[in-house]
Amino acid sequence: MGRDIGQVIATRELGSERGPVSVEVGAPRRMPVEDRPAWMCGMRITGMRPEPLVLWAPGVDSMDALITALRMAGDQLSRSGLRLTCDGVENTLMPVTQADGSVLIPRATEQQLADAFGADVAAEMTAKTAALYRNMEDHFRNKGAADDE
């Protein structure tokens, strides 16, 4: 696929003990495969190694390729051995594949939200997110109880 990831649609700037680390994700591209649709999404990480790392994520559609690219970037960052920070907090805010195959998606801290949106908005966002998670837990707990009957 080469080193040109095309139009960059998302970036993340991180800090490390070596200096800045940048993650860029390109727009998903439809691939010319004869018998089925196929998509690829390029991503580039600079500052983690002497040369930029360019990888291509496959997908069954553009969304799948994009999600896979984000996860691949997060996995590369987590295995880099670098102490990476986002807005001064040791957190890349990138999805990372766990040993059991599940994907952990870290959330921004309330301080990161406050720096970006202001303290009042951050507190409101945090409260709404907590309420949403409580409602989801209640829903699935009640659904499980109903299924057991």
Side-chain angles (χ1 to χ4, degrees), residues 1-137 139-140 143:
M1 288 294 314
R3 302 189 71 71
D4 178 16
I5 64 171
Q7 177 189 1
V8 175
I9 60 168
T11 61
R12 165 92 13 102
E13 299 296 330
L14 302 168
S16 81
E17 62 272 21
R18 286 193 211 156
V21 175
S22 176
V23 180
E24 299 173 304
V25 178
R29 300 178 186 181
R30 191 177 185 105
M31 301 307 297
V33 177
E34 292 178 22
D35 59 339
R36 66 192 178 288
W39 290 78
M40 296 291 278
C41 187
M43 65 98 183
R44 176 176 40 239
I45 302 175
T46 56
M48 188 175 74
R49 300 176 174 180
E51 294 293 319
L53 174 65
V54 176
L55 296 171
W56 290 89
V60 296
D61 59 21
S62 60
M63 184 69 73
D64 186 39
L66 177 60
I67 291 168
T68 302
L70 292 171
R71 195 176 82 212
M72 285 174 65
D75 290 346
Q76 289 294 321
L77 293 168
S78 73
R79 290 190 293 245
S80 71
L82 296 174
R83 186 177 158 268
L84 297 164
T85 60
C86 184
D87 297 325
V89 177
E90 196 166 341
N91 184 351
T92 64
L93 298 177
M94 298 289 291
V96 178
T97 306
Q98 303 299 290
D100 66 359
S102 65
V103 177
L104 171 68
I105 303 174
R107 296 186 332 201
T109 65
E110 191 165 345
Q111 185 60 53
Q112 287 171 310
L113 294 173
D115 291 345
F117 301 107
D120 292 343
V121 173
E124 182 179 343
M125 291 170 76
T126 301
K128 286 183 177 180
T129 301
L132 175 65
Y133 280 111
R134 280 192 306 276
N135 288 341
M136 287 172 49
E137 288 170 357
H139 169 77
F140 287 110
K143 183 177 181 333

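Atom-to-atom distance recorded for L55:CG and D75:CG is 10.5 Å, nearest 0.5 angstrom. Rounding to the nearest 0.5 Å places CZ of R49 at 10.5 Å from CG of L82. Atom CD1 of residue I105 and atom CG of residue L93 lie 11.0 Å apart, to the nearest 0.5 angstrom. Here the CD1 atom belonging to I67 is positioned 14.0 Å from the CE atom belonging to M72, to the nearest 0.5 angstrom.
What you find for P28 and S62 is that their closest heavy atoms are CG-O, 3.5 Å. Residues T46 and P52 share a closest heavy-atom pair of CG2-CB, 3.5 Å. When all heavy atoms of P58 and M40 are compared, the pair lying nearest together is CA-SD, 3.6 Å. The shortest non-hydrogen separation linking V25 to A69 is CG1-CB, 4.4 Å. Minimum interatomic distance between C86 and N91 (heavy atoms only, all atoms of both residues): CB-O, 2.9 Å. Of all heavy-atom pairs spanning L70 and M94, the tightest one is O-CE, 3.7 Å.
The closest side-chain heavy-atom distance from V8 to R44 is below 4.5 Å. Side-chain contact between I45 and V21: present, with at least one pair of heavy atoms (C-beta onward) separated by less than 4.5 Å. Counting heavy atoms from C-beta on, the side chains of T11 and V23 never come closer than 4.5 Å. V121 has its side chain within reach of M125: a pair of non-hydrogen atoms, C-beta onward, lies under 4.5 Å apart. Contact check for R29 versus W56: side-chain heavy atoms found under the 4.5 Å cut-off.
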Assess whether side chain to side chain contact (heavy atoms under 4.5 Å, CB included) is satisfied between V103 and V96, documenting all intermediate values.
-> CA-CA 5 Å; V103 177; V96 178; over 6 Å; no

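Under the 3.5 Å distance criterion, with hydrogens and angles disregarded, no donor-acceptor pair is assigned to the side chains of R12 and T92. For E13 and S22, the side-chain atoms include at least one donor-acceptor pair closer than 3.5 Å.
Around the CD atom of E51, the shell of radius 6.0 Å holds no more than 12 heavy atoms that belong to other residues, nucleotides or ligands. R79 CZ: more than 12 foreign heavy atoms inside a 6.0 Å radius. The 12-atom threshold is exceeded at CG of N135, counting heavy atoms of other residues, nucleotides or ligands nearer than 6.0 Å.
Side chain of T68 to main chain of A65: no donor-acceptor pair is present (N/O by atom type, distance under 3.5 Å, no hydrogens or angles).
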